[in-house]
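Remember, it's 1-based here, ligands and their atoms both numbered in the order they're listed. Counting from 1, the numbers follow the sequence of the chain as shown.
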Amino acid sequence: MSDVVIKFRENGPILVSGGATFTDHLGNKYDTTGQANVALCRCGHSQKKPFCDGAHKAAGFVGNEVAPLPQQQQ
Ligand code: FES
């Protein structure tokens, strides 16, 4: 069983690791063979969508959301 991890990079792409399968809307698989990490564009500026090509830097993309901390037990 794979252990997929999805990480939202600060001001950058969504980084997926752990052997996920990527398909287009028709179900065709993207070849990510040999890639330990796959970066998905979330800024909308990549010329290689759905993958990141680094264009977020020139675009000045800001994405710095943080997950809420777990509720403290009282
Ligand atoms: S997140 Fe990198 S090009 Fe969009």
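Judged by distance alone, with hydrogens and angles left aside, the side-chain atoms of K57 form no donor-acceptor pair with the main-chain N or O of G54 at under 3.5 Å. Between the side chain of R42 and the main chain of G12, a donor-acceptor pair closer than 3.5 Å is present. Judged purely by atom type and a 3.5 angstrom limit, N11 uses its side chain to pair as donor or acceptor with the backbone of G63.
Short contacts between ligand 1 and D53, defined as distances under 4.0 Å to a heavy atom of the residue, involve ligand atoms 3 (S). Here is the list of ligand 1 atoms found below 4.0 Å of a heavy atom in C41: 1 (S), 3 (S), 4 (Fe). Here is the list of ligand 1 atoms found below 4.0 Å of a heavy atom in R42: 1 (S), 4 (Fe).
Here H56 fails the criterion, with no N, O or S atom under 2.8 Å of atom 4 (Fe) of ligand 1. Not one N/O/S atom of C52, from backbone or side chain, sits under 2.8 Å from atom 4 (Fe) of ligand 1.
Hydrophobic cluster membership is shared by F8 and F22, with clusters built from Ile, Leu, Val, Met, Phe, Trp and Tyr side chains linked at under 4.5 angstrom.
In this structure, F51 and L40 have side chains that are in contact, with non-hydrogen atoms separated by less than 4.5 Å.
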